[in-house]
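Since we're looking at a predicted model, the values are computed, not measured. We count residues from 1, following the sequence as given.
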Amino acid sequence: MLKKLRSLRYQDLDWKTVLFVLVVVAVFIRFPFFFRDYVDRDESTFILMGQSWVNGHLPYTQLWDLKPPITFLYFALIIKIFGKSFFAIRFFGAVMVALTSLFTFGIATKLTSKKIAFWIAIFCVFFQSLFGSLQGVMSEHICTFFFVAALYILFWKDDAKWFLTSGLLLGLSVMTKLNMAYPVLCLGLYFLYEGFHEKQISKTIVNLVFMGTGFFVTIACTAIPYYLQGDIQIWSESIFEAPLVYSEGRFHSPWRTLPYVGTIALLLGAGFYLKLIDWKSKNMQLLTIVVIGILISYVQSGKVNGHYLIQLYPFILIPLGMAVAKLPPIQKKYRAVIAVLLIFVPMESYLEYGNVVSNKIKKGSFYNGEGIDVPRYIQDHNLETEHIFFTEYHIGYWVLDETPPTKPATHPSNITREELFPYMNNPRKSGVEELKYIMDVIRPKTLVARNGKKIFDKKLVEYNSYIDAYLEKHYHLEATVGRGLIYQRLE
């Protein structure tokens, strides 16, 4: 394969070769993070939800989080097959990133040359793996994989059976991350408009019926286990109602999304205005419609975290790559500089490689981070783990084979999202009441926090005042492990 790569011309690229290169790049960049305790707090919650499912509890019944069930299914399947393995979870995440980039390559070849499509796919791996907390497996990685695969089918096939297949994949995407319903709706409206415009309305309606059938079959399949268990209400409330309430929360505002939405809209507008991107191309219109749908979802949610942008990268990188390709070619004397810059792009990975080696030398294990070191200390010193309360590093529940003290504590920040309590079937009505219940009724013997950081968002003064005063009165600091603080109850 390597000999083949050295002598390969871009026009000779085949799918196997491109996939091989993308997997190698994705694994190389993400490999040192296979050994991290957690990369993002959300990923820790997904692992807990997946483990709960493996243990026989459907999502939202024992533990609760604000994501549709296909997100948790990814983690549940890997845990069921490979056991408790950070390595397996992250390895298959890397493969998924490579496959997403491969489908992006396939879409791009319908719009531009294989050379440009290849580099778009490489940068797709970069942008899904670097620049923030993207090295773990996020719900955005999973939903984007399904969406890009569905869009690839729609780019290359136009008969009903393939629209059905794309509908199944789009359903999986939405049942992974609900905001993807917006680009799905935009796709449907675009195809309907195109059918009228091309005077092929009958064929278009048939295709859309098949796509809609596939979409709703996927959604129905996620409901069947709850229906058989008599929990269909918690399925509908947790998946559809709770996210709408959450998007209206106190820290969410459409104005906060304007820097992201505005920048992307300006870039696209400039590309069309300068004719670097061909607006008349049907396939480019399709990509643009998807981008618009995702941007609308950001505005509706009133929030854009760095990992939300994973959903946009494949669809933005294609027109961006095409626009850059139309610029004057880089002079030979600068090509070496560009090559060096490309080598240094994954600097986060190089630093993490050093961290993994350093941890192996100092502690005898490649696996590192407070989410592993704190539970190890607790086990080595025989500290009480029943009803343990992780206000930080909550992946520790998984490492210790424990569960969070209450449903809202599955993700520590959910304790403060009291508007979601009714959808968790939680008997407490307010976040402070929930916190008092944990501390005064459950009375955890061991509590874990993070040094140099407030337990709750610094804007939540009431929560922090209560927990700080309670810890001072009823707990003593047992140990500091890295940045992890381990408290033991006094009485």
Counting only heavy atoms not in [X], do more than 12 sit closer than 6.0 Å to its [atom1] atom?
| X | atom1 | answer |
| --- | --- | --- |
| Gln379 | CD | yes |
| Lys84 | NZ | yes |
| Glu433 | CD | yes |
| Lys80 | NZ | no |
| Tyr227 | OH | no |
| Tyr350 | OH | yes |

Give a yes or no on whether a salt bridge exists between Arg376 and Glu370, defined as a side-chain N under 4.0 angstrom from a carboxylate O.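 Result for this pair is no, no salt bridge flagged.
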
Can we say Glu392 and Arg483 salt-bridge, meaning some charged N sits less than 4.0 Å from an Asp/Glu carboxylate O? no

Checking Lys177 against Tyr308: charged group under 6.0 Å from the ring centre and within 45 degrees of the axis?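 Yes - Lys177 lies over the ring of Tyr308, closer than 6.0 Å to its centre and within 45° of its axis.
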
Can the ring centres of [X] and [Y] be said to be less than 6.0 Å apart?
| X | Y | answer |
| --- | --- | --- |
| Tyr260 | Tyr298 | no |
| Trp53 | Tyr60 | no |
| Tyr487 | Tyr470 | no |
| Phe315 | Phe147 | yes |

Between [Y] and [X], do the side chains contain a donor N or O and an acceptor N or O under 3.5 Å apart?
| X | Y | answer |
| --- | --- | --- |
| Ser430 | Glu418 | no |
| Gln488 | Thr446 | yes |
| His141 | Thr100 | no |
| Thr406 | Glu434 | yes |
| Ser238 | Trp64 | yes |

Expected output: side-chain Ser101 to main-chain Val97 donor-acceptor under 3.5 Å: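 Such a contact is found between Ser101 side chain and Val97 backbone.
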
Nearest heavy-atom neighbours spanning Ile395 and Ser44: CB-OG, 3.6 Å

Using every non-hydrogen atom in the two residues, find where Arg450 and Tyr393 come nearest and quote the distance to one decimal.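 Heavy atoms only, the tightest pair is CG-OH, 3.2 Å.
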
Quick one: which of Asn359, Asn355, Asp37 gives a side chain to side chain donor-acceptor pair (under 3.5 Å) with Asn368?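 Filter result, single survivor: Asn355.
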
Could you point out which residue of Phe75, Phe86, Tyr38 forms a ring-ring contact (aromatic ring centres under 6.0 Å, His included) with Trp398?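 It is Phe86, the one option of Phe75, Phe86, Tyr38 that forms the ring-ring contact (aromatic ring centres under 6.0 Å, His included) with Trp398.
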
Would you call the rings of Phe103 and Tyr152 parallel, tilted or perpendicular, taking 30° and 60° as the class edges?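 Answer is tilted, since the angle falls between 30° and 60°.
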
Classify the angle between the aromatic ring planes of Phe87 and Phe34 as parallel (below 30°), tilted (30 to 60°) or perpendicular (above 60°). perpendicular

